[in-house]
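Before any comments, here is the structure.
Values in this document were obtained by computation on a predicted structure and should not be read as measured data.
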Amino acid sequence: MLSLLFVWSSPITADSPRIEKFHDEEHALVTAPDGSLVPLSKLGSKPPFDITGMEGGQYLFMGPNEEEYRVYVPEVVTNQSKKRVIVCDQSQAVFADDYRIASARGVDEECE
């Protein structure tokens, strides 16, 4: 019984998922609620953004004016992303969690 009381009184330590940064913030595009592509620089706010959901290989997040925007999973780094070790002399591909969308991120980065 004491252990249940401890669990109920403990604060939740898990962070909610959020977008920490875009791989290429200068050229990043997000999808607006009306379906148009909007440059991140025109959005008027910068990361971090709280992730509100995931749909079709895209993260949903709240932008300005409480409107929901979308971005493809491989385009961003989240607070739950894992750092990938890039091995020299091998082509690189980054896959979304559901493995339906891929990106060639890391091709020009330093390797080990």
Side-chain angles (χ1 to χ4, degrees):
M1 186 68 149
L2 185 58
S3 62
L4 284 176
L5 181 60
F6 177 74
V7 169
W8 287 335
S9 64
S10 298
I12 297 174
T13 56
D15 288 333
S16 60
R18 66 180 178 275
I19 297 169
E20 295 289 331
K21 68 177 188 170
F22 287 69
H23 288 288
D24 185 1
E25 289 194 19
E26 188 175 327
H27 301 103
L29 296 172
V30 298
T31 305
D34 65 4
S36 64
L37 292 176
V38 179
L40 180 64
S41 59
K42 303 280 186 199
L43 205 56
S45 55
K46 294 191 174 246
F49 297 113
D50 289 332
I51 296 172
T52 58
M54 186 175 176
E55 186 176 283
Q58 295 180 324
Y59 285 130
L60 310 175
F61 67 94
M62 293 306 254
N65 303 323
E66 296 299 311
E67 293 183 312
E68 195 168 63
Y69 289 81
R70 298 167 173 267
V71 64
Y72 281 102
V73 171
E75 300 300 315
V76 298
V77 176
T78 70
N79 61 331
Q80 298 173 344
S81 294
K82 294 179 174 71
K83 182 173 171 62
R84 299 189 189 320
V85 175
I86 299 170
V87 180
C88 297
D89 300 327
Q90 292 184 7
S91 60
Q92 303 301 315
V94 176
F95 293 90
D97 292 340
D98 61 9
Y99 296 100
R100 290 182 291 175
I101 299 171
S103 174
R105 296 289 180 206
V107 172
D108 292 332
E109 296 177 20
E110 291 184 24
C111 59
E112 295 180 5

- Message: Could you measure the distance from the CD atom of Gln58 to the CD atom of Glu75? Nearest 0.5 Å is fine.
- Response: 10.5 Å

- Task: Specify the closest pair of heavy atoms between Phe22 and Ala28, including all atoms of both residues, with the distance to one decimal.
- Result: CD2-CB, 3.6 Å

Would you be so kind as to tabulate the donor-acceptor pairs closer than 3.5 Å made by side chains of residues 60-68, with sequence neighbours excluded?
| unit_1 | atom_1 | unit_2 | atom_2 | d |
| --- | --- | --- | --- | --- |
| Glu67 | OE1 | Tyr69 | OH | 3.4 |
| Glu68 | OE2 | Thr52 | OG1 | 2.8 |

- Side chain proximity check, Thr78 to Tyr59, heavy atoms < 4.5 angstrom: yes

- Say whether Val77 and Ile19 are linked into one hydrophobic cluster, either directly or through other cluster members, by side-chain heavy-atom distances under 4.5 angstrom. no

- Message: Using every non-hydrogen atom in the two residues, find where Val38 and Ala32 come nearest and quote the distance to one decimal.
- Response: CG2-CB, 3.7 Å

- Measure the CG-CZ distance between Asn79 and Arg18 for me, rounded to the nearest 0.5 Å. 4.5 Å

- Query: Where is the tightest heavy-atom contact between Pro74 and His23, given as atom of each residue plus distance?
  - Reply: O-CD2, 3.0 Å

- Apart from Leu37 itself, its cluster of hydrophobic side chains linked below 4.5 Å comprises Leu29

